[in-house]
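Below is one structure, written out as C-alpha cells; comments come after it.
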Amino acid sequence: MKTTSLIPGAAKSIKIPRRNDERVILHFDYDCFYASVFENENPSLKSQPLGIKQKSILATCNYVARARGVKKLMLISEAQRICPDLILMNGEDLTRFRDVSKKLWAFLRAHSWNRRVERLGLDEVFLDVTDVVQYNQEMLNVHALRDSFFHLDRSDPVKGFAFDGSAFSGCVQPKAKGGPAGVDVDNPLCVRLMLASHLAGYLRHKLDEDFGYTSSGGISTNKLLAKLAGSVNKPNNQTTLLATRNDDDVVREFMDAHSIRKVPGIGSRIAQLIEEYILSRPTERRDRESTNVMVGEARTYPGMSADLLEQILDRPGAERGSGEKVWNFLHGADPSEVKEASDVPTQISIEDTYMSRPLQTPAEVMRELRALATSLVRRMRVDLTEVDLTTTTTTSDAASPAVPRWLAYPKTLRLSTRTRSKQATAPSSTSSSAIEVPNFSRSSRSTALPTFVFQISSPSPSYEEIAERLVTESLLPLFRRLHPERGGGLNLALLNICVTNMVIVANETSNVPAPGRDIGRMFRTQENKLREWTVYDTSPLPVPVVPALAEADDRVKVCAEGEVQKDLFCEQQEEEQGENMTSDCEVAMNCSSPLVDEGYDDFWDGQEESDSQRCQICGHALPAFAMSAHERFHAMDE
DNA sequence: ACGACAGAG
DNA sequence: GGTTCTCTGTCGT
C-alpha cells in the first residue's frame, strides 16, 4: 500500500457532490439517556453526580458528574478517584432503557405524516418532516409571521401550536453577524428550516414536559447535517444548520471544521486509512489523538476525489462504493433516507461478558447459557408478540386471558463466543506492519431456531422450560461446533445468543375493510397515531400466559435445581455441584484434572444428528430437512 | 444460508 | 484490570 502510486493523473475531472435540498430532517438525541432514565425513576438523583456502569466501565453519566470531570467510557476506578461521591447505578440490564426509548419513539412517531421515523440506538431519532413542513409553508401568512400557527394535523385545523414565524426556535448556525438571525422570507428553504425549527422546539418541549426527557435537536436537509448540527449546542438545546443552496460556504465551512472521525459514517477503520494516506505513514494507536485530520484537510488534499478515496479504502473485504460515500460525507451530502418505522426488530440478541473471570468449565457455560436463553425467550415474547385485540375485546376477563400473537418468527439462532486475549505479543516492530492484530476474536455458529419457542397457548411452558430445551437441543450443539477441542480451559470472555432472520407475519387489519377504502392510509390518521402512543403509555406489557419471573434483573442466574434432568445432564449436575465447592485456585488449575475430563466427555458428546426427528407438537416423525417447515406450520396455526 | 466484519450509540 | 450490550448492514462463500 505504497502511497506514491495512488496519486491520480487526471486531477481535473473531480466532481463536487451536489446536495439535495428538498427534504427537511430532524434529529433528536436524548441528553445522557441512561442517566435520565434513572433520574426519572428517582428524582433525588438529579442534583447528584450520577454514573451508569456496565461492568468495569462508565457507560454514561449525568451533567453534574461531567462538571466534576467525569467522562463517558471511563474506567469505574478512575471515575471514583476523580469524584469520590459519584453515585453508581448498574446499567447492564437494558430493559428499562428499551422501554423508555420505545415510549418516546412512539410519541415522535405520532407526529409523523409519512412514517419516516428512524431510531438509532436507544437515544436518537431521525424524523423526515418534509411533508409537514411543506404543508405549513403553504398555510403561512408572510404578512403576520409573528402570529403564526403550526398545523400538526391536516384534517383537524385546531391541532397545533402558536409560534413566532419571524424568528427561528433555538440556535442557528452560522450565527448571523450583527443581530439575531432573521428569516429570509424570499428564500423558501430558509422558511422551511424556520418552520422545522419550531416543530423541533415543540416536540422537544413535549418530550421534556410530558415525559421528563430533555434532548438536543438538529435541523437540516439530510441526516448527516441534522445530526452534526444537533451536537453543536448540547444539552437541552437545538441547532438549525442553514444549509441553503445559494450559500454553499455555510455547509463547507461547517463540515471542514470537524475532524473526520466525528463524521457519522466514517468509522475508526476508514478514518485510520485516510489519516495514513494523508500523513504518508502508518498510524499507531498512540498517535490517534494527536493526528486529528480535519474534513477540510482531507477534502482539499492534493488529488483527493471519490476515486482516490475508493483506492485508499480498497482492502480485502472492503465495501465497494465507500469512496464515493465518504467523498459525499466530506461535502455534507447524504442521500440516505430516513427509514420507515418498523414495529419489529430484525434481530434480538442477549450477551454477557466475563472479562475479569473468563468461563473455564462446561458447568459454567451451561449456567450462563441457561440464563441468557431465559432472557432471550422473555425478550422474544415482549418484542415479537402483541395481544390480539380482535379476540379480547369481547371477553378480556380472567376466564379467557388474552393470548398474544406472534408478529414475526425468527428463523435462525446464532451463538457467538469470544476467547480472552492471551497474547502479550512483543510490540517490538509494530511500525513495520500496518496490520492491526485484533487481540480478540469473535466467532459464531448458527442453526435453525426450533419452533417450540413459539408455543404460547394450551400447555404453556415457562420461560425456563423453553430456555432449557433451547440449551440442550440447539445451543449445546452450536457450542460444540464452536469449541470442538475438549480439555484445557475454555477461557471464554463473551457469550452472545441471537435470533434473527425474521419472517414478518402478514398484518391482518381486523375486519370490515370498507370497499374502496385504503386501510393503510386509515392507519396513518392522527387519531390512530395518538391513540397508539397513549395506549402504549398506560397499558402494561403484553401479559405473559406463564408466570413471569419475579425479578427485575435480566442477568439473574437461573438454576433449575429440583427439576428432573434429562440423561444428558446427569453428569453435568454433579460437575456443577463439584464446581461450587472448588476454590478459585483449583478451578484455575483443573485443566488437566481427570475429574474435569469426565465432565467434558458428557458435555462434548452430543447425540449425532439423526436422519429423522419427531415433531414436538404432534409427535409425527419426519426427515430432518422437513421438520422446520412442519413445525412452523403448527406455530402459525391458532 | 452462513459467518466475518464494520459502523452506529 | 485492556470495552458494554446491542442493532443494522455488507461482503464473500
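No hydrogens, no waters, no symmetry mates; every other heavy atom, side chains included, goes into these values. Just so we're on the same page: letters track the sequence lines, and every chain starts at 1.
The side chain of A/Leu120 lies closest to B/dA8 when the candidates are C/dC5, B/dC2, B/dA8. Nearest to the side chain of A/Arg269, among B/dG7, B/dG9, B/dA4, sits B/dG7. Across C/dT4, B/dA4, C/dT6, the shortest atom-to-atom separation from the side chain of A/Lys55 is found for C/dT4. Side-chain atoms of A/Arg445 lie closest to B/dG3 of the nucleotides C/dT4, B/dG3, C/dC7. Side-chain proximity of A/Ile350 to C/dT6, B/dG7, C/dC5: nearest is C/dT6. For A/Thr353, counting side-chain heavy atoms from C-beta on, the closest listed nucleotide (B/dA4, C/dT4, B/dG9) is C/dT4. Proximity note for A/Arg379 (side chain, C-beta onward) versus C/dT6, B/dG7, C/dT8: the nearest is C/dT6. In this structure, of C/dT8, B/dG3, C/dC5, it is C/dT8 that holds the atom nearest to the side chain of A/Thr346.
A close approach under 4.0 Å does not occur between any side-chain nitrogen or oxygen of A/Arg414 and OP1 or OP2 of B/dC2. Between A/Ser56 and C/dG2 there is no side-chain polar atom (N or O) within less than 4.0 angstrom of OP1 or OP2. The side chain of A/Arg442 contributes no N or O atom lying less than 4.0 Å from OP1 or OP2 of B/dA6. For A/Ser349, a side-chain nitrogen or oxygen approaches OP1 or OP2 of C/dC7 to under 4.0 Å. At B/dA1, one or more side-chain N or O atoms of A/Lys411 fall inside 4.0 Å of OP1 or OP2 (strictly under the cut-off). For A/Asn501 and B/dA1, the shortest distance from a side-chain N or O to OP1 or OP2 is below 4.0 Å. Neither OP1 nor OP2 of B/dG7 sits under 4.0 Å from any side-chain N or O of A/Arg261. An OP1 or OP2 oxygen of B/dA1 is reached within less than 4.0 angstrom by no side-chain nitrogen or oxygen of A/Thr412. Between A/Lys227 and B/dG9 there is a side-chain polar atom (N or O) within less than 4.0 angstrom of OP1 or OP2.
Residue A/Arg96 contributes atom CZ, which lies 17 Å from atom C1' of C/dT6 at whole-angstrom precision. Atom NZ in A/Lys339 sits about 12 Å away from atom C1' in B/dG7, given to the nearest Å. When the C1' atom of C/dC5 is taken as reference, atom CE of A/Met89 falls 20 Å away, rounded to whole Å. In this entry the distance linking CG of A/Leu413 with P of B/dC2 reads 10 Å, nearest Å. B/dG7 atom C1' lies 15 Å from atom CD1 of A/Ile260, rounded to whole Å.
Between A/Trp327 and A/His331, the ring-plane angle classifies as perpendicular under the 30° and 60° cut-offs. Classified by interplanar angle (parallel below 30°, tilted 30° to 60°, perpendicular above 60°), the ring pair A/Phe38/A/Phe97 is perpendicular.
Nearer the 5' end of DNA chain C, as judged by each residue's closest nucleotide, is the contact made by A/Ile348, out of A/Ile348 and A/Lys325. Position along DNA chain C of the nearest nucleotide to A/Leu494 versus A/Pro345 favours A/Leu494 as the more 5'-ward residue.
Among the atoms of the strands shown, none is found under 4.0 Å from any heavy atom of A/Leu75.
Ion pairing between a basic and an acidic side chain is recognised when a charged N comes within 4.0 Å of a carboxylate O; A/Arg378 and A/Glu464 show no such pairing. The residues A/Lys227 and A/Glu124 are annotated as salt-bridged, a charged nitrogen and a carboxylate oxygen being separated by less than 4.0 angstrom.
The closest donor-acceptor contact from the side chain of A/Gln54 to the backbone of A/Asn90 lies at 3.5 Å or more, if one exists at all.
Cation-pi check for A/Arg357 over A/Tyr354 is not met; the charged atom does not lie both under 6.0 angstrom from the ring centroid and within 45 degrees of its normal.
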